[in-house]
Structure formats: structure tokens, C-alpha cells
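Input: a single structure, listed below in C-alpha cells.
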Amino acid sequence: MKSPVKSSLKSFAKLLSAVALIAAPLLFASVSFAQTQAANAAPAAKYEAKSPKLNRAQIDKLLSKPEQLIFIDLRRPDELTKIGGFPVYLSIQLADLEKSLAFIPKDRTIVTLSNHAGRALRGADLLAEKGFKVAGAAGVQDYEAEGGTLSKIVPPAPKG
């Protein structure tokens with residue numbers, strides 16, 4: 001006499017095998033379809049900025065009149081401390097820029113900053129669209145590579 005447990009296990013194993021035989025081709029077909037779609041997808045369009053990307057000479061010229069200038073650094077705090085930046089700036093991450101417009105002075109010329117000006121160009125365009133006087137965007141690492149000096153920011157020691 002067969003054990004009811006062994007019989008149930010054999011039936012379950014057969015059912016599981018049948019499901020695997022049916023599901024495997026469907027799984028491989030969907031993976032293949034997804035790979036084909038990804039390969040045929042058009043690459044993301046490169047952002048075409050309206051604001052100019054500033055070089056070191058242009059930034060240094062603007063720095064000659066600091067009372068008319070404001071830097072808005074759009075990088076994360078860890079990027080500021082790791083890479084450095086300009087000595088005086090507003091720190092507003094790009095995602096928060098539109099919500100922070102009320103805190104940005106309209107009577108100053110603005111230069112937006114990021115590491116290589118990617119985020120800075122987007123931020124400069126947004127501010128220009130909102131009526132701010134924007135000179136352009138700059139990458140702090142580009143500025144430094146062109147011979148400019150960045151201020152290194154030392155974060156406070158952890159409390160403990």
C-alpha cells in the first residue's frame with residue numbers, strides 16, 4: 001500500500017515539473033523581448049542648455065564684483081565637502097531649487113554650480129525662465145582643472 005504522503009509528494013512534484021515546463025519558455029521569451037526593446041530604444045536625448053557654460057576666466061571676471069554676484073551650488077553636501085567649492089554660496093540641491101526661489105536675491109547676477117556643470121546648466125535655465133539674472137553655469141572641477149582654486153570645506157567632527 002502506498003503512503004498518502006508519498007503519493008501527494010509525487011503528485012506535487014509532477015505538478016511542479018509541468019508548471020516549470022510551461023513557465024520556462026514564457027520567462028525566456030519575456031527576457032528576450034525586454035532585451036530587444038532595450039537594444040532598439042532610442043538613447044535619451046542630451047539636454048540642450050540655453051544658459052552658457054562659464055570658464056575660469058569668465059568666473060574670475062564676475063568675482064571681481066562680488067557685491068553683484070551670488071553662486072548657487074546645486075550639489076549634495078557630501079560633494080561640497082569632498083571636492084570643495086567657492087568660499088561664499090547658497091547651497092540648494094537641484095531638486096529643491098524651484099521650491100527655494102523666494103530665498104534667492106533677484107538683484108544679483110547668478111552663477112549656478114555643480115561638479116561639471118550638468119546640473120548647473122539645468123538650474124541656470126530654470127532660474128532664467130523664472131526671471132532671475134543668470135550669467136551662466138560652471139563646474140567646480142572644471143574651474144579647478146583650468147587652474148582655479150577651490151575652498152575645501154571641512155565638516156564638523158561627529159559628536160560622540
Which of T149, D60, N55 passes side-chain hydrogen bond (donor to acceptor under 3.5 Å, both in side chains) with Y143? It is D60
Can you tell me how far [atom2] of [Y] sits from [atom1] of [X], rounded to the nearest 0.5 angstrom?
X    : Y    : atom1 : atom2 : answer
R122 : S114 : CZ    : OG    : 10.0 Å
K82  : R75  : NZ    : CZ    : 11.5 Å
R108 : L69  : CZ    : CG    : 8.0 Å
S100 : L94  : OG    : CG    : 10.5 Å
E146 : Q58  : CD    : CD    : 9.0 Å

Look only at the side chain of Q68 and the backbone of K65, and say whether a donor-acceptor pair between them is shorter than 3.5 Å. no
Within the structure provided, determine whether [X] and [Y] are in side-chain contact (heavy-atom separation under 4.5 Å).
X    : Y    : result
T109 : V134 : no
L62  : L54  : yes
F71  : T112 : no
D73  : I92  : no

Who pairs with A49 by side chain to side chain contact (heavy atoms under 4.5 Å, CB included), at least two apart in sequence or on another chain?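 Applying side chain to side chain contact (heavy atoms under 4.5 Å, CB included) to A49 gives Y47, L121, D125.
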For [X] and [Y], which heavy atoms make the closest approach, and how far apart are they?
X    : Y    : answer
S151 : F86  : OG-C, 4.3 Å
A120 : A138 : CB-O, 3.8 Å
F103 : L90  : O-CD1, 4.2 Å

Could you give all pairs that pass the salt bridge (Lys or Arg N to Asp or Glu O under 4.0 Å) test and reach residues 149-158, with sequence neighbours left out? E144-K152
Chi angles and distances behind the side-chain contact (heavy atoms from CB on, under 4.5 Å) call for L113, L74: CA-CA 6 Å; L113 303 170; L74 301 173; over 6 Å; no
Sequence neighbours left out, what pairs pass side chain to side chain donor-acceptor pair (under 3.5 Å) with at least one residue falling in residues 83-98? D96-K99, E98-K130
Let me check something: do [X] and [Y] share a hydrophobic cluster, defined by ILVMFWY side-chain heavy atoms less than 4.5 Å apart, either directly or through other members?
X   : Y    : result
I72 : L150 : no
I83 : V111 : yes
L63 : I110 : no

Between the side chains of R56 and D142, is the shortest nitrogen-to-carboxylate-oxygen separation below 4.0 Å, so that they form an ion pair?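 The answer is no: the pair does not qualify as a salt bridge.
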So L101 and L127, side-chain contact (heavy atoms from CB on, under 4.5 Å) or not? Walk me through it. CA-CA 8 Å; L101 296 177; L127 292 170; 3.5 Å; yes
